[in-house]
Structures are given as C-alpha cells and as structure tokens.
**Student:** 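Structure provided below as structure tokens; questions to follow.
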2 protein chains.
Amino acid sequence: MNQGRPLEFDPNLALQRAMEVFWCRGYEAASLQNLLTAMAISKSSFYQTFGSKHELFQRCLQLFRERQVRLMMAALEQAPSGREFLRRMLRSAASEVVADEPPKGCLIMNTATEFSGRDAIVADLVGKGASQFTEVFRCAIERAQSAGEIDAGKDAEVLARYVVTTMSGLKTMAKAGMQTTAIEDVAELALTALG
Amino acid sequence: MNQGRPLEFDPNLALQRAMEVFWCRGYEAASLQNLLTAMAISKSSFYQTFGSKHELFQRCLQLFRERQVRLMMAALEQAPSGREFLRRMLRSAASEVVADEPPKGCLIMNTATEFSGRDAIVADLVGKGASQFTEVFRCAIERAQSAGEIDAGKDAEVLARYVVTTMSGLKTMAKAGMQTTAIEDVAELALTALG
DNA sequence: ATGAATATGTACCGATCGGTACAGAAATGG
DNA sequence: CCATTTCTGTACCGATCGGTACATATTCAT
C-alpha cells in the first residue's frame, strides 16, 4: 500500500476553526471563503478532506456536541454539588456576554433556530445534541435529589428539559441584548423552579 | 399635482407576505426570488416600494412586533386572570408545534440568534421588540400580583424577563424537536417559579 | 528510477446573489 | 392631446455562491 503525499495541515484543527465560523455566523452566512480563510487551507484541500460545506457542517455539529458534553461533565464532576453545577451553568450565560462580543450562544440551538426542520439530517443532529445535554442535566439533578437539594418527588427528566430550555432562553436573551445583571437575576429565579 | 400610475398591489399585504418568508426562513436564507414570489410583485415594484432587502426586513421586524404586541394585549384582556394568561402564553409554544410544521418560533428572537449583534440597526429593533414583550408580561404579572396569584414581594420586571426568556427557550426547544407533551410539562414547571 | 497514491494550486463552471438602467405603460392635470 | 408623474417589464450588472477539472507536486513501495 502506498501512503501518498502527506497532508500539509491538521484536519482536527481545521475542523475546529470551521466550527468557530459556523458558531459565530450560522450556516448560511458562513461562506466558503470565510471557512477557507479561517481553516487556512485551499479549496482543493477543503473538498478533498471534507467533501462539501454541508458535510463539514455536520461534522462541526458533532464536534461541538462532544466538546460541550465533555466540558459539562467535567464541570459537573468538579462542582461541589449538583445544584451548584446547575446554578453555574445557568449563570454562565451572563458571563458569556462579557467574554464573547457579541455572544455566540450554543451552536446546536442556533442551528435549531436557523434550520427550522427544513433539513432532516441537521434536525437529527440537533435532536441528538439536545437529548445529550438533557442527559447531563438529568445526572446533575439526580445527584442533587439524592443530596436533598432538589425535591426528589419531581421528575428528573422534566426538570432536566426545563434546565435545557432555560439555558437556551438565556443565551438567546444575551444575544437579544439583555444586560448581564438581568441575566443573572433571571438565572437565579429560574433555579427556584427546581424546588 | 399629478398622481401618476396607481400601484397594482397592496403594499401592506405584500409586506405581510414578506414577513412570513423571513419568519420561516430567516434573513440570509430568504432570497429575493423567494420574497418576490411570495409578495407576488415584480423586482421593479419591489425596489421602488421597499428600497432594499434590508430595509424591507426592518419593516417586517416592526410589523411583527406591533402585530405580536397587539395579539398579546388582546389575549391578556380576554384572559380570566394574569396568571392564566401567562400559562396560556407559555403553553402556546406546544400548540405551535402542531399548528406550524415546522414551528417558526418568534421572528424577533430568531433574528437575535441569526444576527448575533453583527448588525447595529437590527440589534436595535430586536432590543425594542424584547423590551416591549417584557412590558406586556410585566402588566400581566402586576395584575396577577394584585389578585394574589403571584407573590407580590417579587420584582415584576425580573419575573417578566424570566417569562420572555422561558418563552424564547420553549420555542427554540420546539424547533429542536421536543414533543408537545414535554413542552407542556416544562411550561407548567416554569410557572412555579413565579411563586 | 519508476509508478501508484495522495495532496495542492489554478483555472474554471453554471447558478444565483442583491441591485440597477431604462423603455414603455397607465394614470392625472392642464 | 399633451406633458408630467408614477408604476411595471425586461434586460442587464458585477460579485459571489458552492463546486469541479485537471495539471502539478510530493510522498512511499518496488
């Protein structure tokens, strides 16, 4: 078997750069030029390695989901309690306003908004992302329920969906221009629904 | 003074059609062809009457906001109580999944997501929309507080922002594929935070 | 050295993008 | 009837869209 000429770039790094572009601009507004520039590769390499804009986008959605789930699970393990983890997550929407200018939100939810079900493949990846986020939150809630921080009588799955919903809402409000203090207030209030 | 040749179409109706297109597809994905077809006018008439795609979009955002605020205020007046109005609003995200296929969400919040602060004019219109929605909810909350349905000790402004946030989150989750029953469960749970 | 395999650079593709120029059509006032 | 004003149809604009063809460059196995 022959090896052929080696790649002159790191595909994982290029993928990461592409993800950033989609994250900032969305799918439609991210032109091939934007992507090529950010990925620092030529058009030939792009199509050779990633097939098409749409295929690249799918890989970016998966990368984002894996990365996000990994970060969330790490944060959950390090958190002093399940409830404190949830508080930190919800409040993070506020700090995002300061860190990113403008705030980027969540790539999965941004995509859910942009493709409102018009693309079956994308819809599937979005659904997968949403359910995995819910899963992590459910773990945190069950841990909090065991510790007596959250009413154990409530359905953890419903609570988890509520947290995902609120996260999504807060990130959207950040994009809509809500002040960081207001976001924090809403995040704290949202926590009270967990009982 | 001379009147000249009269318009062969209803500008308000055309604007409404355009709004539908932006609502379904977003700004970038709504091509001029999409718009012209939906508005049933020619390119000449389009530029003569609406100036450009971007100007048209601004007018659509305003139309949507006015329409939405009007509908919400009417619903509030008809509702048996402030709290029941809030319940109906939050639950409406679920019925939207059934009615529209796929769900369209809220044009203002969709726009906040699509243009993450990259367009100052649009950002301003989005902010105006968000604050007017908040205003209506604040009216409902104050009414509910007067009636003793909601803890009068809580800040109505914060509660109102919380409701807008939750509405936005629910509509996004609907787009992300959440089932109608799950949406209703989350909506009910969200209401408990109002105290 | 040669050939197979893989990667890149360059040039190009048709389609579509948003937008404009301008001639002709339809109304009014004189 | 004519001039003026306003609207519409047609043709066109340069730019960009995502994507492809193909020659050239670089590697490894023989």
Side-chain angles (χ1 to χ4, degrees), chain A residues 1-61 111 114-115 118-122 125, chain B residues 1-61 111 114-115 118-122 125:
Chain A
M1 270 300 133
N2 221 333
Q3 289 280 51
R5 180 174 171 178
L7 278 175
E8 290 183 2
F9 63 96
D10 179 349
N12 287 335
L13 184 60
L15 192 63
Q16 202 173 309
R17 300 283 164 95
M19 188 190 76
E20 296 279 342
V21 175
F22 285 128
W23 197 357
C24 291
R25 308 182 66 91
Y27 181 78
E28 294 279 352
S31 76
L32 217 40
Q33 270 311 320
N34 295 147
L35 292 165
L36 295 181
T37 303
M39 298 166 86
I41 64 176
S42 73
K43 196 176 266 199
S44 317
S45 305
F46 179 91
Y47 281 100
Q48 175 97 356
T49 309
F50 299 104
S52 70
K53 184 186 175 184
H54 196 270
E55 288 175 58
L56 173 68
F57 185 60
Q58 292 171 232
R59 293 192 53 180
C60 287
L61 286 177
T111 303
E114 181 173 358
F115 297 76
R118 271 179 288 116
D119 184 318
I121 297 175
V122 170
L125 289 170
Chain B
M1 272 299 128
N2 222 336
Q3 289 279 48
R5 181 174 169 178
L7 278 175
E8 288 184 2
F9 63 96
D10 179 350
N12 287 334
L13 184 59
L15 190 64
Q16 202 173 309
R17 302 286 165 107
M19 188 190 75
E20 296 278 343
V21 175
F22 286 127
W23 197 358
C24 292
R25 310 182 64 90
Y27 181 77
E28 295 279 353
S31 75
L32 215 42
Q33 269 312 318
N34 294 147
L35 292 165
L36 295 181
T37 303
M39 299 167 85
I41 64 176
S42 73
K43 195 177 267 199
S44 318
S45 305
F46 179 92
Y47 281 100
Q48 174 95 359
T49 309
F50 300 103
S52 69
K53 184 186 175 184
H54 196 269
E55 288 175 57
L56 172 68
F57 185 59
Q58 292 170 231
R59 293 193 53 180
C60 287
L61 285 176
T111 303
E114 182 173 357
F115 296 77
R118 271 179 288 117
D119 184 318
I121 298 174
V122 169
L125 289 169

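All heavy atoms count here, side chains included; hydrogens, waters and symmetry mates do not. Everything quoted here is computed from the prediction, not taken from an experiment. Throughout, protein chains are lettered first and strands after them, A, B, ... in sequence-line order, and every chain is numbered starting at 1.
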**Student:** Mind calculating the distance between CG (L7(A)) and C1' (dG9(C)) to the nearest angstrom?
**Tutor:** 15 Å
**Student:** Starting at CG of L32(A) and ending at P of dG19(D), how long is that distance when rounded to a whole Å?
**Tutor:** 7 Å
**Student:** For R5(B) and for F46(B), locate the closest nucleotide of DNA chain C by heavy-atom distance; then report the residue assigned to the nucleotide nearer the 5' terminus.
**Tutor:** F46(B)
**Student:** Would you indicate what A29(A) reaches in the nucleic acid, counting non-hydrogen atoms under 4.0 angstrom: base, sugar-phosphate, or nothing?
**Tutor:** nothing
**Student:** In whole angstrom, what separates Y47(A)'s OH from dT8(C)'s P?
**Tutor:** 16 Å
**Student:** Under 4.0 Å, heavy atoms only, any strand: does S44(B) hit a base, just the sugar-phosphate, or nothing?
**Tutor:** base
**Student:** Scan S31(A) against the nucleic acid and name what it touches under 4.0 Å (heavy atoms): base, sugar-phosphate only, or nothing.
**Tutor:** sugar-phosphate
**Student:** Do the side chains of T111(B) and F22(B) get nearer than 4.5 Å, heavy atoms only?
**Tutor:** no
**Student:** May I have the distance from Q48(B) (atom CD) to dA26(C) (atom P), rounded to whole angstrom?
**Tutor:** 16 Å
**Student:** Between C1' on dC17(C) and NE2 on H54(B), what's the gap in Å once rounded to a whole number?
**Tutor:** 16 Å
**Student:** Counting N and O atoms only, with roles assigned by atom type, does the side chain of K53(A) sit under 3.5 Å from a partner on the main chain of A30(A), one being a donor and the other an acceptor?
**Tutor:** yes
**Student:** With a 4.5 Å cut-off on side-chain heavy atoms, are I41(A) and F50(A) touching?
**Tutor:** yes
**Student:** To the nearest Å, give me how far apart CG (N34(B)) and P (dG18(C)) are.
**Tutor:** 8 Å
**Student:** For the residue pair Y27(A) and H54(A), does the interplanar ring angle fall in the parallel (under 30°), tilted (30 to 60°) or perpendicular (over 60°) class?
**Tutor:** perpendicular
**Student:** Rounding to a whole Å, what distance do you find between M39(A):CE and dA7(C):P?
**Tutor:** 14 Å
**Student:** Examine dG9(C): is either OP1 or OP2 under 4.0 Å from a nitrogen or oxygen in the side chain of S42(A)? Give yes or no.
**Tutor:** yes
**Student:** Under 3.5 Å, is there any donor-acceptor pair linking the side chain of K43(A) to the base of dG19(D)?
**Tutor:** yes
**Student:** Does any part of the side chain of D10(A), heavy atoms only, come nearer than 4.5 Å to the side chain of L15(A), both counted from C-beta?
**Tutor:** no
**Student:** Nearest whole angstrom, please: distance from the C1' of dT10(C) to the CG of L36(A).
**Tutor:** 14 Å
